[in-house]
Chemist: 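Provided herewith is a single structure, encoded as structure tokens, for subsequent inquiry.
Note that the structure is predicted; figures quoted are calculated from it, not measured.
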Amino acid sequence: MKTLSISTDEYYKELDDYTQSFARRIKKRDQNSIKVYYEEFDAADFYQFLDWVVFQENPALKCVAKLAEITKKNIPKAIEQKNIKELAEYISSNRTIHLEGYIKFRMDEYNDYLNRVLYAIIKKLNM
């Protein structure tokens, strides 16, 4: 059985809710982390949670639900698959992940892409 320690600064409650599906986990509330145990890591499922955090970290996407919905629809599957592959590779060689750190540093191209999509949408809508 493998383990993954997931820590966060702002999303502990959401992380707690997300990790309920794991058969075994150890919560460390004072450290804002949860250690999960698994046989096979589902990177695609965890990526959906990370993607939600990405949208929460972007002020425009967090505050304007319709804009977030339009942006989400305009993300090509190839980008999502690339991010899932990179996440799976990261998890296969690391036993810890910090949500906000991973999103800021390892998903920086994705964040940049989202901002460019937002710009294009706003420009097209003449806002």
Side-chain angles (χ1 to χ4, degrees):
M1 185 166 283
K2 296 178 183 176
T3 64
L4 176 65
S5 294
I6 310 165
S7 61
T8 181
D9 293 328
E10 309 230 357
Y11 302 100
Y12 184 81
K13 182 189 176 316
E14 293 83 1
L15 177 61
D16 185 28
D17 292 344
Y18 169 75
T19 59
Q20 286 182 10
S21 63
F22 285 84
R24 184 171 168 222
R25 66 188 178 141
I26 297 173
K27 299 192 297 184
K28 296 180 181 179
R29 179 67 179 132
D30 57 324
Q31 297 175 6
N32 284 343
S33 71
I34 298 177
K35 180 183 258 187
V36 295
Y37 297 80
Y38 60 92
E39 292 295 329
E40 188 171 325
F41 188 76
D42 186 353
D45 183 55
F46 190 67
Y47 175 75
Q48 296 308 313
F49 178 65
L50 278 179
D51 195 45
W52 176 83
V53 175
V54 167
F55 275 64
Q56 296 306 302
E57 289 289 299
N58 187 307
L61 295 173
K62 179 180 181 178
C63 295
V64 185
K66 187 66 176 173
L67 186 56
E69 182 183 327
I70 293 168
T71 303
K72 186 77 172 157
K73 288 179 182 177
N74 285 290
I75 299 170
K77 278 290 194 197
I79 290 176
E80 183 176 313
Q81 292 304 315
K82 176 183 176 280
N83 288 340
I84 291 169
K85 181 181 176 212
E86 289 173 356
L87 175 62
E89 289 170 359
Y90 179 84
I91 297 300
S92 71
S93 61
N94 293 282
R95 294 289 143 230
T96 61
I97 186 171
H98 183 269
L99 293 179
E100 292 88 347
Y102 187 87
I103 286 165
K104 184 171 185 158
F105 298 108
R106 299 233 174 225
M107 296 179 72
D108 61 333
E109 287 180 27
Y110 180 58
N111 285 308
D112 183 54
Y113 179 79
L114 289 177
N115 286 329
R116 285 185 278 128
V117 169
L118 280 170
Y119 177 77
I121 291 169
I122 291 169
K123 189 175 178 181
K124 190 169 189 167
L125 295 174
N126 292 321
M127 295 181 97

Chemist: For atom CD of Gln48, decide whether the heavy atoms of other residues, nucleotides or ligands shown that lie under 6.0 angstrom number more than 12.
Modeler: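 Yes - once you tally the heavy atoms of other residues, nucleotides and ligands closer than 6.0 Å, there are more than 12.
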
Chemist: Calculate, to the nearest 0.5 Å, the distance between atoms CZ and OH belonging to Phe22 and Tyr37 respectively.
Modeler: 12.5 Å

Chemist: Do the side chains of Ile6 and Ile26 join up, straight or via other hydrophobic residues, at under 4.5 Å, putting them in one cluster?
Modeler: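 Looking at the clustering, Ile26 is in a separate group from Ile6.
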
Chemist: State the CD1-CG distance between Ile97 and Leu4, to the nearest 0.5 angstrom.
Modeler: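 It comes to 6.5 Å.
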
Chemist: Measure the shortest side-chain to side-chain distance between Glu109 and Lys82 over non-hydrogen atoms and say whether it is less than 4.5 angstrom.
Modeler: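 When only atoms from C-beta onward are counted, Lys82 and Glu109 do touch, with a gap below 4.5 Å.
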
Chemist: How long is the span from the CG atom in Leu114 to the OG1 atom in Thr71, to the nearest 0.5 Å?
Modeler: 7.0 Å

Chemist: Quick one: pull up CG in Asn115 and CG in Leu61 and give me the separation to the nearest 0.5 Å.
Modeler: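 Spacing of CG (Asn115) from CG (Leu61) equals 7.5 Å.
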
Chemist: Does a side-chain heavy-atom distance below 4.5 Å link Glu80 with Lys77?
Modeler: yes

Chemist: Looking at every non-hydrogen atom in both residues, tell me the closest pair between Ile103 and Val54 and how far apart they are.
Modeler: CG2-CG2, 3.6 Å

Chemist: Where do Arg25 and Lys35 land on the side-chain contact (heavy atoms from CB on, under 4.5 Å) test, with the steps shown first?
Modeler: CA-CA 5 Å; Arg25 66 188 178 141; Lys35 180 183 258 187; over 6 Å; no

Chemist: Do you know which of Asn74, Leu67, Ile75 makes side chain to side chain contact (heavy atoms under 4.5 Å, CB included) with Val117?
Modeler: Asn74

Chemist: How many angstroms lie between CD in Gln31 and OH in Tyr12, if you round to the nearest 0.5 Å?
Modeler: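 Between Gln31 CD and Tyr12 OH, I get 10.0 Å after rounding to 0.5 Å.
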
Chemist: Any ring-ring contact (aromatic ring centres under 6.0 Å, His included) involving residues 42-61? Give me the pairs, sequence neighbours left out, ordered by first then second residue.
Modeler: Tyr11-Trp52, Tyr18-Phe46, Tyr18-Phe49, Phe41-Phe46

Chemist: Per the ring-ring contact (aromatic ring centres under 6.0 Å, His included) rule, what does the pair list look like for residues 91-112, sequence neighbours excluded?
Modeler: Tyr90-Tyr102

Chemist: Does the pair Ile84 and Gln81 meet the rule for a side-chain contact (heavy atoms from CB on, under 4.5 Å), with working shown?
Modeler: CA-CA 5 Å; Ile84 291 169; Gln81 292 304 315; 4.2 Å; yes

Chemist: Rounded at 0.5 Å granularity, tell me how far CG in Leu15 sits from NZ in Lys27.
Modeler: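 So the gap between those two atoms works out to 10.0 Å.
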
Chemist: For Thr8 versus Glu100, what's the shortest heavy-atom pair and its separation?
Modeler: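 Looking at all heavy atoms of both residues, the shortest contact is OG1-OE2, 2.8 Å.
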
Chemist: Where do Asp16 and Ile34 land on the side-chain contact (heavy atoms from CB on, under 4.5 Å) test, with the steps shown first?
Modeler: CA-CA 7 Å; Asp16 185 28; Ile34 298 177; 4.0 Å; yes

Chemist: List the steps and the verdict of side-chain contact (heavy atoms from CB on, under 4.5 Å) for Lys62 and Asn58.
Modeler: CA-CA 6 Å; Lys62 179 180 181 178; Asn58 187 307; over 6 Å; no

